[in-house]
Amino acid sequence: MLNTMSKHTLPDLALFGGTPLFAEKRFVGRPNLAPTDEILADMRQILDQRWLSNDGPYLKGFEAMLCQSLGVKHSIAVSNGTIGLELLIRALNLTGEVIVPSFTFIATVHALQWLGLTPVFCDILPETHTLDPQSVAALITPRTSAILGVHLWGLPCEITALEALAEQHGLKLIFDAAHALLCEYRGRKLGNFGHAEVFSFHATKFVNSLEGGAITTNDDALAERLRLMRNFGFVDYDQVEALGINAKMNEVCAAVGQSSLRHSANFIAHNRSNYRLYHKQLAQIPGLKLLPLPESSNFQYLVLALEQTEFGLSRDRLVQLLHAENLIARRYFYPGCHRAQPYAQLYPAAGAHLPVTEALAEKVLLLPTGTAVSAEMIEEIGELLGFVQSHAAAISAAI
Ligand code: T4K
């Protein structure tokens with residue numbers, strides 16, 4: 001239930017004892033869902049068919065839908081995006097160093113470290129928060145085996161420049177496309193680039209399969225290897241042809257993934273409309289800048305940068321204040337992977353080469369969007385942010 005906007009004086013703020021703006025917590029990452037009846041009908045079908053996992057009909061259907069939606073030859077659905085990255089890293093026999101951004105969800109880097117590779121943290125472009133190709137070039141050594149780009153917030157990496165570098169130095173090029181389902185690079189859907197790309201269908205992603213992920217590629221041999229590895233290396237009853245693991249997506253997840261993907265156009269339309277409303281609400285607030293997204297985006301994340309000198313409060317102070325109002329804004333991906341363990345201990349000097357990453361990690365905050373967020377809520381959030389900014393000096397003094 002939404003209260004009406006009632007912040008007229010400082011004591012009205014929940015941080016100072018007022019009633020929170022929202023009676024319930026409003027999260028970044030509240031799942032989008034297909035109609036319950038649609039999901040329940042699939043659950044019944046799964047129980048009736050008594051096929052719960054291992055290349056079942058829903059899995060096959062989900063993979064086919066993904067291939068069709070992305071215009072890609074192969075899609076290998078897996079139990080989550082992180083294990084998708086790990087399968088891909090193994091399938092490509094990566095060794096030594098892999099160049100990767102630090103400004104990403106920890107899973108991107110953990111996947112490398114988990115497999116004994118050395119993540120080499122690279123800085124990003126301030127406009128798109130994706131790998132800076134010039135910084136990548138400067139980090140290539142004889143030990144480098146690959147570049148792992150992340151299409152953060154659905155914004156595509158500088159793919160052409162990264163392809164040229166990979167080609168020139170004989171490196172593998174892969175992408176973490178966890179945020180980028182149905183986004184595009186130069187008119188072509190992401191999922192088609194590099195040697196392969198990895199998506200996540202975690203509950204918080206705009207298309208979700210409860211937990212899940214998929215690797216997409218146009219390389220037949222790589223796809224075959226990945227399929228083998230996903231299921232312990234089995235090619236037939238009693239016949240194991242390769243080292244593998246259990247990375248299978250079960251039928252329930254595949255069914256939820258299918259229904260979610262079927263509704264993806266509605267989810268994107270809702271996200272886009274939210275994005276425009278936020279844009280309108282925030283335009284007049286000094287010090288808050290909405291990250292520009294192209295029309296082809298899925299708009300699943302609402303990303304702001306806060307300039308403290310203009311806004312009057314630090315990003316962290318604002319987050320504290322919003323949490324008190326039950327608006328659970330997030331500091332993705334603070335403090336940057338290089339400052340999280342084990343990397344902070346392994347590479348204590350990494351930050352010196354990551355000025356853009358370090359600056360963004362102090363500024364970025366995400367607000368809730370998705371189908372759980374209404375136009376009315378965005379209006380309330382805009383009014384709250386406007387009130388906070390215009391009373392920033394008094395708030396600072398009171399704290
Ligand atoms: N690469 C990148 C770039 C990624 O962003 C991710 C995942 C991966 C790789 C790895 O993919 P997976 O292995 O996860 O498939 C969340 C997600 O757990 C994570 O999947 C996602 N990125 C990341 C950006 O966000 P947390 O730690 O913030 O998640 P959590 O559970 O706190 O969820 C956020 C909020 O959403 C909660 O506070 C409440 C709400 N929520 C969450 C769930 C799960 C709900 O309302 N309902 C729910 O069912 O990482």
Side-chain angles (χ1 to χ4, degrees), residues 22 24-34 39 62 66 76-89 98 100-114 119 121 124 128-131 148-157 174-181 183 190-191 196-216 230 245 247-250 252-254 256-257 260 298 300-303 319 322-323 326-337 340 357 360-361 364-373:
F22 298 108
E24 292 161 14
K25 284 189 166 53
R26 304 297 176 174
F27 293 111
V28 172
R30 197 88 178 135
N32 297 321
L33 289 170
I39 296 174
F62 185 45
L66 280 169
I76 298 97
V78 287
S79 46
N80 59 68
T82 308
I83 203 143
L85 285 167
E86 290 173 6
L87 276 194
L88 178 58
I89 290 163
V98 176
V100 65
S102 170
F103 201 59
T104 178
F105 188 57
I106 198 74
T108 317
V109 181
H110 275 354
L112 296 167
Q113 186 75 22
W114 192 259
F121 293 114
I124 50 176
T128 59
H129 305 185
T130 60
L131 279 179
L148 167 47
V150 180
H151 305 306
L152 208 74
W153 322 129
L155 286 168
C157 290
I174 56 178
F175 294 103
D176 177 337
H179 297 182
L181 186 74
C183 296
L190 296 176
E197 308 206 40
V198 180
F199 293 92
S200 166
F201 302 114
H202 180 256
T204 57
K205 296 293 179 288
F206 90 103
V207 165
N208 84 81
S209 63
L210 308 178
E211 287 274 2
I215 310 161
T216 60
R230 170 177 71 174
I245 197 167
K248 290 167 283 163
M249 175 182 276
N250 66 58
V252 171
C253 290
V256 173
S260 191
N298 58 32
Q300 77 172 312
Y301 290 108
L302 201 292
V303 185
V319 167
L322 296 179
H323 281 208
N326 279 337
L327 180 59
I328 312 301
R330 294 295 298 267
R331 301 183 295 175
Y332 288 149
F333 287 103
Y334 177 83
C337 295
T357 300
L360 282 172
V364 168
L365 80 155
L366 277 81
L367 295 177
T369 185
T371 51
V373 174

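In listed order, ligands and their atoms are each counted from 1.
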_For ligand 1 and His202, I'd like to know whether there is a polar contact (N/O to N/O, distance under 3.5 Å)._
yes
*Polar-atom distance check: Arg330 versus ligand 1, any N or O pair below 3.5 Å?*
yes
_ligand 1-proximal atoms of Thr104, by part, heavy-atom distance under 4.0 Å_ = side chain
*Do the non-hydrogen side-chain atoms of Leu366 and Leu302 ever get within less than 4.5 Å of each other?*
no
*Under 3.5 Å between some N or O of ligand 1 and some N or O of Val28?*
yes
_Any protein heavy atom nearer than 4.0 Å to atom 32 (O) of ligand 1_ = yes
*Give the ring-plane orientation class for Phe333 versus His179, where under 30° counts as parallel, over 60° as perpendicular and anything between as tilted.*
parallel
_Shortest non-hydrogen separation from Gly81 to Val198 and the atoms involved_ = O-CG1, 3.5 Å
_Side chain proximity check, Thr369 to Tyr301, heavy atoms < 4.5 angstrom_ = no
*Mind checking whether His179 has an N or O less than 3.5 Å away from an N or O of ligand 1?*
yes
_Minimum heavy-atom distance between Phe199 and Leu190, given as atom pair plus value_ = CZ-O, 3.6 Å
_N or O contact, Leu152 vs ligand 1, cut-off under 3.5 Å_ = no
